[in-house]
Amino acid sequence: MSFMNKYIPKEFEKKWVKEWKNKKLNVFDPDSKKKKYYVLVEWPYTSGDLHIGHWFTFTIPDVLSRYKRMNDWNVFFPMGYDAFGLPAENAAIEHKVHPQDWTMKNIATMTKQFQQMGTMIDWDWMTIACVPEYYRWNQWIFLKMYEQSLAFRGKALSNWCPSCQTVLANENIENGKCWRCGSQVIQKEVEQWFLKITEYAERLIWPDKPKASPERSRRVDWPISVRVGQNNWIGKSEGLIINFGGIEVFTTRPETIDGASFLVLSPEHPFVIKMTTKDNLNKVKKYFNQSTQKTEMERKENKDKTGVFTGSYVKNPVTGKKIPVWVADYVLFGYGTGAIMAVPAEDERDREFATKHSLPIIKTSLKAKPNGKKRSIYHLRDWSISRQRYWGTPVPMIHCPTDGIVPVPYKDLPVELPYEVDFTPHGKPPLATNEKWLNVKCPNCGKPAKRDAETLDTFFDSSWYFLRYVNPKYDRKPFDEEKVKKLTPVDVYFGGSEHTLGHTLYARFFTKFFHDEKLLNYDEFALQRVQHGVVLGPDGNRMSKSKGNVINPDDVVDEYGSDTVRLYLCFMMPYEGTSSWSTKTIAGVNRFLTRVWEIYQKQNQKSKIKNQKEDEKLVIKLKKTIKKVTEDIGNIKMNTAIAAMMEFLNEWERNPQELSKENAKKFLQILSPFAPFLTEEIWHSVFGEKNSIHLSTWPKVEGEIIEEEVTIPVQVNGKLRDTIKIQNSKVKSQKEVEKLALNSEKIKKYLTGKPKKIIYVPGKIINLII
RNA sequence: ACCGGGGUGGCGAAACGGCAUACGCGUAUGGUUUAGGACCAUAUGGGGUAAAACCCGUGGAGGUUCAAGUCCUCUCCCCGGUACCA
């Protein structure tokens, strides 16, 4: 063994990174005649150091991409950064670094680290959100949406710090208090920009059966959990709007109206003041103030079933009885009409409320047919997109004292984000602190006016970046329609399940908008969606610096090499899974690669032997392994693909010489998407190949794999009692199998006579019922 | 509270309704080694036995089926999301 080369990945991994770059191995050719395959991974946020989670998220798509390339697809696997957002601004406030400098530095660091992974990402297509060349098109899209009345000014409850006079992100609230000044945060109606996603609600609902994608035979096939999740989030309810003495309520169960024994208004409902009698006024006002201190979730939970009586009554339009009008914050103003009829006999929450406040519970006939207007309402709300923050796309609008809100003309785009601002202003957004930037002339009347000083939600950036990727330098429109036609839709979109209700829904909405604007000829941007899980720290907790359980990819790469880290991440769990990092298991995976290395070194020494005899069984095992790995990669089940290769190696090691060169190369090829460095090195040094293994053609298994002998389990009354072996040619004959089963000594013990019934599943199992 | 996803050996996990625990880790014993490590071999769900036989086993309770981790009903526990973190 001593004369053999040892597996030392450091000796060749860096070499191949350079070599592949020089040979332009991973350069994507958009004009290739091959069929395109667009692999998209959610662009990562520029948080700083590369996390082992990034490796996990990207390695599996990379394995798929490499596999697809070896199967003659023109694989497009671009990359970019989600670079706007709150953490950059938090860094600015806490550490006095400018968000732009912080972000750009992070991008440089992360890119360097990413390139170590050995992915086939072509970095020339890189797109980042925080540069004017990108965000000017956010502004362009915003203006188009404004023209279609899809972008509009509205009001919504927001987290409000009364002392800082500003809206707060959920993240910046600690135990209901502002993170900076410690004041109690309240819920306040704030005017802001919205996108009318509700106009697309109906079209965003997934059909029961996946629909065919236009111009392609492939179907849009998203996981059922995502489709159901989004549909529930859109939450369409069909029902009636019924008038109770001027108050409109929405109900999905109009037939229960004769059991409606009281009405409940949300505290913000405009009728509350009107309905409240003098002696109840103080009580109701106090209740309103209490409600502003609760988050929406606290309100929905409504643990204490709080509420107050207004002092007024309205007539139940069906029974004619007077029923009391109450105010309670478990009724939300933003949903339905902000008022409900309470039917405690039928509804759990209403019953609890009625019990708590001693309100009548009246049986319903379930036959009532009240008058009302049919209406569909949605749980989905319009998307609030303006943020009172700095690090984002400036809203391309101008506020003019004479002309009101005026859009920035297209020719004046981009509205560039100014560098100099105060990040901790009071009572106004950061952008408003730069007077030079803020003050402009009205494009309409030319008189002094002010820019809109708010920025767009970062989800705006990520709703269309996958279209920008196809030509990031295009300067006439957000995306190059010709290239988009050729390279999109996305074939498979990898990302986190936390984006089910946000990002992916918004991206679908944008796609439908572009379709309506005739910029796209399809209305679903990704044919397939795959959601990944989480790599936890070795202690089973989410990795965090404060817990000290963070695995730094650089360290493990240094210890084992990139291939081992990649292989371990593929092997540790299914892509959708969540489990903890194990320093022991990765050593085992490294052991596997070492054994692979060594068995090929032995091949090298014996390769001069002619007329090599192959072991038939081993060749069959190899064929089965190729088949299994091929299927598993296609189904993104990398962990079982690796298990199959491990099984094969275990067999092969028993007879290392009994596989031909040709077959030995095939095994190397199916391992290559997982361990691109080691396989490339062996491909060249052992087999003397001149071209890259990654451009070789994936091995095919022709025809059926036929084994001589098949093992069939024999059950008696459903319990396994023996197994029999039978020649493959006879396996289809139930008589032959029965004969063998009934002759087994082990089985005979259980038989008292002839079995009552025999069930034989050909090639699988035989069950004797006695 | 609501919506989605999960509970399988000591651990990470496999299993088109058809041999539960593949593959890997860990552990034990043996080999190799000056020693340790590394490596190699064998064993490894629990009970039971000299060894077998056999019995019990996929969070819990029922059900469907020749056959259930897998399908159905109820239930307990854990994770993610709930709209300004990305």
Side-chain angles (χ1 to χ4, degrees), chain A residues 1 42-47 82 84-87 90 156 158-159 167-173 190 192 223-226 228-233 235 295-303 330 334 348-349 379-389 457-459 462 496-503 505 531 533-534 542 568 571-574 576-589 591-592 594-595 637 639-647 650 653 711-723 746 749 755-759 761 763-769:
Chain A
M1 290 288 261
E42 283 167 5
W43 56 354
Y45 179 69
T46 50
S47 54
D82 181 15
F84 271 142
L86 197 60
N90 290 344
S158 299
N159 305 316
V167 178
L168 290 177
N170 290 340
E171 194 187 69
N172 292 343
I173 301 169
V190 179
Q192 48 201 285
I224 185 102
S225 59
V226 177
V228 169
Q230 294 195 343
N231 284 357
N232 288 337
W233 183 248
T295 64
E296 194 180 306
M297 213 189 300
E298 284 165 342
R299 284 178 59 162
K300 274 190 277 189
E301 278 179 35
N302 190 29
K303 278 189 198 131
Y330 76 94
E348 185 78 21
R349 272 192 310 184
H379 171 256
L380 181 72
R381 299 204 288 254
D382 282 327
W383 174 14
S384 150
I385 48 159
S386 49
R387 302 286 181 266
Q388 291 193 322
R389 278 185 269 283
D457 180 7
T458 55
F459 279 123
S462 54
S497 55
E498 69 275 20
H499 290 132
T500 297
L501 306 181
H503 160 62
L505 195 62
Q531 316 224 72
V534 185
R542 270 177 187 270
Y568 172 55
F571 182 63
M572 71 184 292
M573 60 180 169
E576 309 78 39
T578 291
S579 76
S580 33
W581 181 271
S582 159
T583 47
K584 291 278 171 79
T585 308
I586 190 172
V589 169
R591 196 144 49 228
F592 167 74
T594 306
R595 283 160 54 207
K637 288 176 153 187
N639 54 336
T640 48
I642 293 165
M645 289 187 283
M646 285 173 166
E647 271 186 73
N650 289 344
E653 277 181 333
T711 307
I712 303 215
V714 183
Q715 292 184 334
V716 178
N717 283 347
K719 290 197 174 182
L720 178 78
R721 297 299 181 187
D722 197 10
T723 58
K746 282 186 188 168
K749 279 197 297 185
K756 246 193 270 176
K757 198 176 167 189
I758 298 174
I759 290 154
V761 185
K764 283 277 160 66
I765 200 162
I766 181 162
N767 193 2
L768 313 173
I769 317 301

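Each chain gets a letter, A, B and so on, in the order the sequences are listed, and its residues count up from 1.
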Checklist outcome for this item: Rounded to whole Å, CE of A:Met645 lies from C1' of B:G24 at a distance of 13 Å

Item to check | side chain to side chain contact (heavy atoms under 4.5 Å, CB included) between A:Trp233 and A:Thr500, worked out | outcome: CA-CA 10 Å; A:Trp233 183 248; A:Thr500 297; over 6 Å; no

Checklist entry - If you look at every strand shown and take non-hydrogen atoms under 4.0 Å, does A:Ile758 touch a base, only sugar-phosphate, or nothing? => result nothing

Checklist entry - Between B:G24 atom P and A:Met573 atom CE, what is the distance in whole Å? => result 19 Å

Checklist entry - When we call it a touch if two heavy atoms are under 4.0 Å apart, what does A:Ile759 touch: a base, just sugar-phosphate, or nothing? => result base

Next on the checklist: Need one value for A:Lys637: base, sugar-phosphate or nothing, where a base atom within 4.0 Å counts as base even if backbone is also close, heavy atoms only.
Outcome noted: sugar-phosphate

Checklist entry - Does B:G24 have OP1 or OP2 sitting under 4.0 Å from an N or O in the side chain of A:Asn650? => result yes

Item to check | Closest listed nucleotide, where the reference is the side chain of A:Met297 and the choices are B:A86, B:A1, B:G18 | outcome: B:A1

Item to check | A:Met646 side chain, from C-beta outward: closest of B:C23, B:C19, B:C40 | outcome: B:C23

Checklist outcome for this item: Of the listed B:G24, B:G26, B:A86, the closest approach to the A:Asp82 side chain comes from B:A86

Item to check | Interatomic distance where CG belongs to A:Asp722 and P belongs to B:C19 [whole Å] | outcome: 15 Å

Checklist outcome for this item: Per atom distances to the A:Glu498 side chain, the nearest of B:C66, B:G81, B:A15 is B:G81

Checklist entry - Is A:Thr500 touching bases, backbone alone, or none of the nucleic acid, heavy atoms closer than 4.0 Å? => result nothing

Item to check | Of the listed nucleotides B:C19, B:U82, B:A13, the one nearest the side chain of A:Pro574 | outcome: B:A13

Checklist entry - What orientation do A:His499 and A:Phe459 show, parallel under 30°, tilted 30 to 60°, or perpendicular over 60°? => result perpendicular

Next on the checklist: What stems show up for RNA chain B when you take Watson-Crick pairs (N1-N3 plus N6-O4 or O6-N4) and G-U wobbles (N1-O2, O6-N3), both under 3.5 Å, and require three or more consecutive pairs?
Outcome noted: B:1-7 with B:76-82, B:10-12 with B:23-25, B:26-31 with B:39-44, B:45-47 with B:54-56, B:59-63 with B:71-75

Item to check | Same-atom distance (P) from B:U33 to B:U27, integer angstrom | outcome: 23 Å

Item to check | Touch class at under 4.0 angstrom, heavy-atom based, for A:Asn170 against every strand present | outcome: sugar-phosphate

Checklist entry - Under 4.0 angstrom, heavy atoms only, what part of the nucleic acid is A:Ser580 near: base, sugar-phosphate, or nothing? => result nothing

